[in-house]
Amino acid sequence: MGRLRISDLPRLARRHPLVIAGGGLLALLIILALTAPLYAGDPVNMDPFKRLQPPSAEMWFGSDNLGRDVFARTIFGARISLMVGLLSAASAAMVGLLIGVIAGYSRSFDNVVMRVMDGLMSIPTILLAIALISLTGPGIGILIVAIAIPETPAVARLVRSVVLGVRERPYVEAALCGGARLPKVLWRHILPSTIPALMVQGATVCASAILTEAGLSFLGVGVPPEIPSWGNMIAISRLYLSIAPLTIFAPGICLAVTVLAVNLLGDGLRDLFDPRAKRRR
Amino acid sequence: MTITRRDLIKAGVAAGTALSMPSVLRAQPSPDDARTVRMVMSDLTVFDPIRSTADITRMHGFAIYDTLFALDSKLAPQPQMVENWDVSEDRKSYTFELRDGLNYHDGSPVTAADCVASIRRWAQVDAGGKLIMARARDISKKDEKTFTIALKEPLGILVDALVEGLYLPIMRQKDADRPATEPVTSNIGSGPFIFNEALAKPGASFTYDCNEKYVPRQERPDGFAGAKVVKVDSVIWQNIADQQTALAALQAGETDFVLEPPADLYPVIESDPDLELQVLSKGGSTLYVRMNFLQPPFHNVKARQAMLHLIDQEAFLGVMHPDPRYTQTVTSIFANSPLYSNDENTEWFKKGGDPEKARQLFQEAGYAGEKIIILQPTDWAAGSNASQLLAASLRKIGVSAELAPMSWSELAARRANKGSIEDGGWNIFIADYSIANPISAAFLRANGNEAWFGWPKNDDYEALRAKWADVDTLAERQALARKMQGIWWDFVGGVFLGHAVQPTAHRKALTGLLEVPGAYGFPMWNMQKTS
Amino acid sequence: MAAYILRRVVSTIAVMAVVGIFIFLLLRLAPGDPATIIAGREATAEMIAGIRERLGLNEPLPVQFVHWALGILGGDFGNSIFTGRPVLQLISRRLEPTISLSILTMILSVSVGVSFGILAAWRSGGLVDRFLAAFSALGYSVPVFVIGYFLIYFFAIKMHWLPVQGYVPIDGGLGPWFVHLVLPTVALSLGYIAFIARVTRASMLEVLSEDYMRTAAAKGASSYAMLFHHALKNAGVPILTVIGISFAYLIGGVVLTETVFNIPGIGRLVVDAINNRDYPIIQSVLILTSGLYVLINLTVDLAYTLINPRIRY
């Protein structure tokens with residue numbers, strides 16, 4: 001696998017509709033979420049006299065059990081879900097990258113670090129999050145930490161295997177023999193090779209983080225109930241399935257679509273970066 | 001030998017018969033279903049009735065323990081375990097004689113000594129009990145079936161105190177001799193139901209079997225009083241945490257009763273021909289905002305008055321109990337009590353929902369934008385919703401309210417903190433109460449550090465409250481109630497959010513459920529299943 | 001081979017030590033004093049000091065860790081804060097429903113997932129393959145509790161085929177036991193079926209493109225023999241690996257599924273423990289599930305050598 005050039009991207013993307021579909025959808029969702037204040041209205045304003053209203057011109061998806069605008073909450077909910085997903089993925093990727101590179105490069109650390117990673121991997125995410133939150137109380141920060149910890153080992157393992165493969169390559173050995181300093185070799189030759197694996201794994205982590213947030217909020221230990229997140233909205237609205245279906249369908253469908261977009265992107269990237277997978281198609 | 005359905009299913013599965021899947025798998029009622037009632041209740045974690053004020057613990061007490069007196073549907077105490085009772089001329093000596101046929105589930109008879117020990121244990125915790133003990137010279141047994149209470153000075157409400165407040169369970173002396181701080185774990189009483197230890201699954205389900213040896217009174221059942229006749233073999237309490245699942249189980253006939261169906265789904269229940277709603281605890285409860293009198297800004301009466309003007313009860317009822325058929329606004333500190341509810345000193349704030357007036361009063365109180373912490377109980381929907389609406393209403397008038405989400409048990413721990421916000425203290429929490437009398441209602445105390453969380457202090461009010469135990473006629477008590485309320489609304493000991501009764505839902509095949517006064521649960525005798 | 005097994009077992013012990021240290025530190029380093037949490041809401045300063053003393057919280061951290069770890073090895077997981085009962089007893093009473101649900105889910109997911117994956121790989125790009133792509137996209141993206149409510153609504157309330165909720169112990173009859181577990185198992189399995197099917201498909205495709213498979217095909221081996229005799233045997237390793245790994249995810253799903261279907265298992269125990277801040281229960285379930293995960297993966301690793309003797313470490 002050679003290095004990826006920017007100029008290759010459009011051509012590769014044409015051959016990989018999944019990347020376009022997933023990435024495009026995700027980009028659209030991110031833009032919608034970021035520009036929410038421009039068009040979506042107030043997600044926290046309550047009107048107890050307008051509870052569980054059907055969709056109308058002023059409230060496109062109707063209102064929830066506290067008389068809040070379901071459309072605004074759904075749009076603002078995207079911010080929470082995407083933030084939890086992306087930040088969890090980013091933290092797992094950064095920490096995993098660091099650990100993976102060190103483990104891949106230093107034989108002496110490898111054994112110890114990888115045992116630690118095996119250990120963390122064995123802790124179920126939801127249980128770890130429940131344990132952390134039962135100590136600290138609900139919050140977005142702690143949620144991200146709790147999701148990122150068990151996901152880090154998978155990233156570290158992947159990066160380590162890539163590093164192990166790359167460092168035997170002639171051009172890396174040549175660079176090292178030629179007197180290049182180790183950090184420079186890591187930066188120039190080894191790090192870029194880990195990016196594809198990181199992106200694919202990052203997408204997986206992101207998707208599972210979004211679902212985990214929803215699951216924890218469903219159990220009442222996710223983000224605080226005041227904050228509009230899709231998990232919170234589904235958890236509260238499950239009672240109203242028969243009387244105000246949009247209160248649960250809107251966040252539910254957005255959740256599924258977002259996770260789908262991230263998964264498609266991940267699958268697309270995997271095909272794109274893995275020539276063997278391409279051959280199979 | 002009879003072949004049970006279970007044998008058939010086993011045989012069917014073992015033989016791998018080619019029956020169509022639905023008919024094999026369909027959830028069919030088992031033969032004993034007609035005599036077994038399944039009820040979705042909340043989780044029972046405290047079994048000793050004097051160790052918790054939770055309704056579920058009280059109902060556990062109703063089932064397995066009998067008691068001396070019980071309230072009828074008109075809130076009048078009637079003898080239950082007591083056959084005859086008598087008070088001396090000087091009103092200082094009470095004599096109680098137990099009726100015949102009272103036995104514990106282990107077969108031993110109920111004695112006067114058990115009653116004395118049970119009263120002493122209960123009185124360590126209950127407010128009315130404490131009052132009795134403060135006045136009592138002696139409580140002792142006279143013979144196996146008779147005991148006496150001798151007082152230093154008369155106490156008009158003695159018998160009322162035995163039925164109001166915490167449930168008074170009569171238990172074996174060896175259980176009742178334990179300190180009140182140590183929970184009783186044996187679950188053996190003399191009540192109409194027997195707790196089935198073998199089938200107890202904490203967190204999941206508890207089973208109560210009919211006590212066939214129980215001898216009921218002759219009178220018709222009336223409220224909690226009268227004959228306690230159990231008409232089923234057993235009652236199973238199921239703990240289904242998910243309300244949606246609980247209602248689905250009721251619709252499918254997997255359970256017969258749901259304690260607290262969500263108000264928004266009443267129309268769904270009412271449109272189902274097999275289900276109906278019924279209010280069993282007629283008293284209902286009043287939700288209120290409690291402010292911390294020790295910390296700014298609510299140490300200032302103006303800030304508390306601001307809350308009275310701010311809160312629009314109809315709006316809060318909308319997010320707490322959204323069905324107006326079961327709610328009402330309330331301005332009297334005696335809520336909807338038929339005896340004591342009044343309108344003294346309520347005209348000035350009556351409607352509430354006046355944010356401008358509230359903003360102005362907050363300013364007069366010297367409020368300068370400090371953070372106000374509202375404890376939000378996330379596992380109690382009505383309280384959680386009301387907390388959110390309160391925070392939103394405060395923010396609209398420029399008060400920087402902040403929600404601290406936590407479970408009710410965490411809230412119960414945190415509200416005991418008298419310190420400042422920086423030291424983990426609090427400003428506001430929301431709770432509910434059901435008025436019995438100003439002696440037992442913790443909410444209605446205003447004796448500073450001795451008072452309930454929030455610690456309101458007003459000596460004039462307390463002086464009036466102390467008289468309650470000694471006024472004898474209803475008219476005098478009603479006059480006292482007006483005076484107390486007059487002072488209460490001047491210092492604003494708390495602010496009401498509204499009053500609601502909670503209907504239960506059950507399958508129509510379950511009949512004979514007793515409607516009782518008060519708000520703290522209902523008995524399970526008299527009900528039966530018709531098919 | 002014996003040396004390999006020994007090495008794997010030793011490294012498993014090392015991993016468990018890591019898990020133990022991590023979970024121990026989680027309790028000690030997170031904000032909130034465990035003694036205050038354990039003492040409960042009506043605790044006085046003396047009670048808290050007494051609990052600190054009794055739990056040995058005044059001793060140096062390493063000493064505390066050794067005490068704690070020895071306790072767990074001896075089967076002492078401490079007492080529940082809320083009920084005061086031994087945690088191990090509470091957990092063991094909740095094991096049966098959770099194990100039943102997990103095993104049924106594994107059986108369903110592996111059997112359906114693997115066959116699905118094989119079919120999709122066999123006719124890559126065909127109808128089954130496309131259906132799998134759509135199915136797995138859905139299975140991955142819809143939360144298990146949403147699937148659960150849908151199943152209850154349709155199969156229990158509308159059709160009356162299956163019970164809405166609850167659990168009947170296996171000694172209450174195999175029929176009722178199974179009937180109550182059908183919907184939870186299906187709800188929980190959809191995601192795993194998708195997962196296992198995709199991994200199976202990918203592994204099978206990889207093996208099918210190997211030279212020796214082409215040789216076998218050229219020699220006229222039947223497609224049945226190709227798929228099951230040659231390919232599946234070689235694709236078995238990655239499939240087994242993901243089944244081992246997915247156990248950790250399964251536990252998360254079990255917590256949610258037990259809540260939706262009101263199954264009194266470990267998941268409900270944990271969820272109820274959250275509201276009471278019953279930390280010993282959460283901590284014990286955490287270490288037990290991690291231990292189980294590590295054990296399962298050890299078994300899977302050892303099973304490699306049996307399935308595919310070519311692997312030597």
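Proteins come first, then strands; the chains are lettered A, B, ... in the order of their sequence lines, and each starts at number 1. Any value given below was found using the heavy atoms of this structure, including those in side chains, with hydrogens, waters and symmetry copies removed.
- Interface summary for chain B: among C/Ile263, C/Val271, C/Val260, C/Leu90, the most heavy-atom pairs under 4.5 angstrom belong to C/Val260.
- Of the listed residues (B/Gln251, B/Gln244, B/Gln238), the greatest number of heavy-atom pairs within a distance under 4.5 Å of chain C belongs to B/Gln244.
- Under the 3.5 Å distance criterion, the side-chain polar atoms of B/Thr245 are left unmatched by any main-chain donor or acceptor of C/Phe261.
- Heavy atoms of B/Pro202 lying under 4.5 Å from chain C belong to its backbone as well as its side chain.
- When each of B/Ala249, B/Ala204, B/Gly253 is checked for heavy-atom pairs under 4.5 Å with chain C, B/Ala249 comes out on top.
- Note that CG of B/Asp43 is 7.5 Å distant from CZ of C/Arg268, once rounded to the nearest 0.5 Å.
- The CG atom of C/Asp272 sits 10.5 Å away from atom CG of B/Asp379, with the distance rounded to the nearest 0.5 Å.
- For C/Tyr153, the OH atom counts as loosely surrounded, since its 6.0 Å shell holds 12 or fewer non-hydrogen atoms of other residues, nucleotides or ligands.
- Atoms CG and CD, from B/Asp242 and C/Gln165 in turn, are 10.0 Å apart once rounded to the nearest 0.5 Å.
- Side chain of B/Glu254 to main chain of C/Val164: a donor-acceptor pair is present (N/O by atom type, distance under 3.5 Å, no hydrogens or angles).
- Neither the backbone nor the side chain of C/Tyr167 comes within contact range of chain B, judged by heavy atoms closer than 4.5 Å.
- Scanning both residues, C/Asn262 and B/Ala241, for their nearest heavy atoms gives OD1-N, 4.4 Å.
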